[in-house]
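One structure is given below, encoded as structure tokens.
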Amino acid sequence: MIRLERVNKHFGELHALKDVSLSVAKGEVLSVVGPSGSGKSTMLRCMNHLETIDSGTIYFDEVPVYQNLQRCRRRADSDRAVEAIRAKVGMVFQSFNLFSHLSVIENITVAPIHVLGRSLSDATREANVLLDKVGLLAKANAYPHELSGGQQQRVAIARALAMQPEAMLFDEVTSALDPELVGEVLRVMRTLADEGMTMVVVTHEMGFAREVSDRIVFMADGRIVEEGEPAAFFAAPQQGRTREFLRSLWERNRQLGGTVSP
Amino acid sequence: MLTTFLALFDWHGAGDYMPALLRGAATSLALTACIMLISLPLGLVIALVKLGRSRILRTCASTYIEVIRGTPALLQLFYIYFVLPSFGIRFDPFTAGVIGLSINYSAYLAEVYRAGIAAVPQGQIEAAKALGMSRRKMLRLIVLPQAIRVVVPPLGNYGISLFKDTSLVSIVTVKELIFTGQIVSSTNFQYATVFTIIGAIYLAFSYPSALLVRWLERRMSVGGKAKPAGSAAQATAATQ
């Protein structure tokens with residue numbers, strides 16, 4: 001469904017993505033793990049064209065998507081192509097990014113109404129269904145600043161789902177949350193995965209990655225170092241860099257008295 | 001001493017020229033209204049062009065802003081009233097005053113808008129993009145409504161200072177408050193009385209307007225502002 005082919009991305013001197021090739025199949029739940037600064041989030045943002053790439057190709061449903069002028073005759077063409085992809089791919093951010101001037105229900109309905117052309121009543125009805133699903137029906141008329149981080153993030157998920165996306169991208173969505181609020185967000189994501197949503201999840205939650213994903217990708221220094229099924233990935237990592245990463249996680253967990261072990 | 005001071009004023013004679021002064025005040029208010037009505041949208045357009053994608057248009061907008069802000073408003077008024085007629089373009093005093101100060105204020109207001117738009121957090125823009133919104137929809141639905149909250153108080157303050165700046169158009173013979181005062185006092189020589197009354201009239205409009213702007217500012221900041229995602233938001237939620 002989404003396929004990256006030898007994608008390179010630079011931020012000035014920093015070579016953030018080095019020849020990254022990856023493909024995400026329909027219905028697959030893919031977790032991307034790795035140390036911070038490894039390029040996980042950058043890769044995810046490229047999938048949604050929030051970052052432009054320097055070389056390589058990104059395919060959506062096997063159609064290459066170009067975001068640069070060289071390969072599109074007019075800027076408007078590339079804009080429209082990219083907007084069409086984004087409308088089909090939901091994204092949830094680490095910092096929620098709910099629209100601060102809109103109520104919860106308006107946050108969810110604004111894009112369906114103005115991007116997909118839904119009527120207000122249809123959009124509102126669907127938004128209520130989604131709010132119920134994330135357990136926040138009572139908060140429909142609240143404003144983002146009146147919600148806890150976990151609640152905001154669940155609204156953000158509902159907002160993305162309201163576009164009826166074909167895939168969802170999650171960018172460290174629990175990293176900004178207080179620990180006791182992480183569970184409620186992961187629960188919603190687990191439900192989505194069970195329903196067959198195509199998901200790419202950049203995460204530090206190894207428990208979630210292991211239990212929910214179909215496949216795990218480990219990134220370090222802008223490269224995909226290793227990928228595999230969760231059981232194999234955690235039990236028998238092939239690469240030294242992966243083993244090192246897992247060991248450091250394990251040790252930190254043991255120090256904290258955590259229950260998640262490799 | 002006090003008697004000499006009081007002798008400068010002749011309040012009893014004020015009734016004769018009060019109507020003229022009030023007409024002058026009405027002209028000042030009309031100027032303020034016309035100029036605001038033009039420069040509020042014009043400033044926004046210039047700000048949007050300056051933030052737009054076309055490099056040529058961006059340069060035009062920047063040049064406009066820098067030229068206007070870098071030259072005195074008086075000079076701009078002179079140009080419109082005294083220089084343009086050499087090219088066959090003539091305006092009556094009121095129109096010349098409105099055009100001159102609208103050009104001047106739109107440049108300043110453009111910078112206010114630009115700052116307001118720049119204050120919208122990047123995350124809001126990314127979220128709008130991620131939902132497939134075009135630049136135009138993003139601007140209309142997300143960016144501008146949030147920028148407005150930031151921008152209303154400074155715009156209000158510019159409105160108040162414009163009311164005072166309309167005195168500049170006396171230079172192109174518009175009979176606004178100050179020019180009327182000059183005309184009146186040059187015939188009855190009651191400088192102290194006339195200009196004290198004029199000062200009081202300016203204050204009578206400016207001070208309540210300033211209070212209104214302050215009230216708006218408070219209202220806009222209550223609950224409406226984007227709170228940082230982390231602990232502040234959670235702290236608010238926890239107390240509710």
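As a basis for the values below, the full set of heavy atoms in this structure was taken, side chains included, without hydrogen atoms, waters or symmetry mates. Every chain is numbered from 1, with letters handed out A, B, ... down the list of sequences.
- Only the side chain of B:Lys137 comes within contact range of chain A, with at least one heavy atom under 4.5 Å from a heavy atom of that chain.
- When heavy atoms are compared at a cutoff of 4.5 Å, A:Phe93 approaches chain B solely by way of its side chain, counted from C-beta outward.
- Of all non-hydrogen atoms in A:Val115 and B:Met133, the two that sit nearest each other are CG2-CG, 3.8 Å.
- Heavy atoms closer than 4.5 Å to chain B are found in the backbone of A:Val89, but not in its side chain.
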| request: In sequence, state the C-alpha distance, the side-chain angles, and the governing distance for A:Ser41 and A:Asp171, and then conclude on side chain to side chain donor-acceptor pair (under 3.5 Å). | output: CA-CA 6 Å; A:Ser41 287; A:Asp171 190 4; 2.6 Å; yes
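- Contacts of A:Leu98 with chain B are made by backbone atoms alone, with heavy-atom separations under 4.5 Å and no side-chain atom involved.
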Review item, side-chain donor-acceptor pairs of residues 156-165 of chain A, under 3.5 Å, at least two apart:
from, atom 1, to, atom 2, distance (Å)
A:Arg159, NH1, A:Asn97, O, 3.1
A:Arg159, NH1, A:Asn107, OD1, 3.4
A:Arg159, NH2, A:Phe96, O, 3.4
A:Arg159, NH2, A:Asn97, O, 3.0
A:Gln164, OE1, A:Arg118, NH2, 3.3

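- Residues that satisfy the side-chain contact (heavy atoms from CB on, under 4.5 Å) test with A:Leu137, not counting sequence neighbours, are A:Asn128, A:Leu131, A:Asp132.
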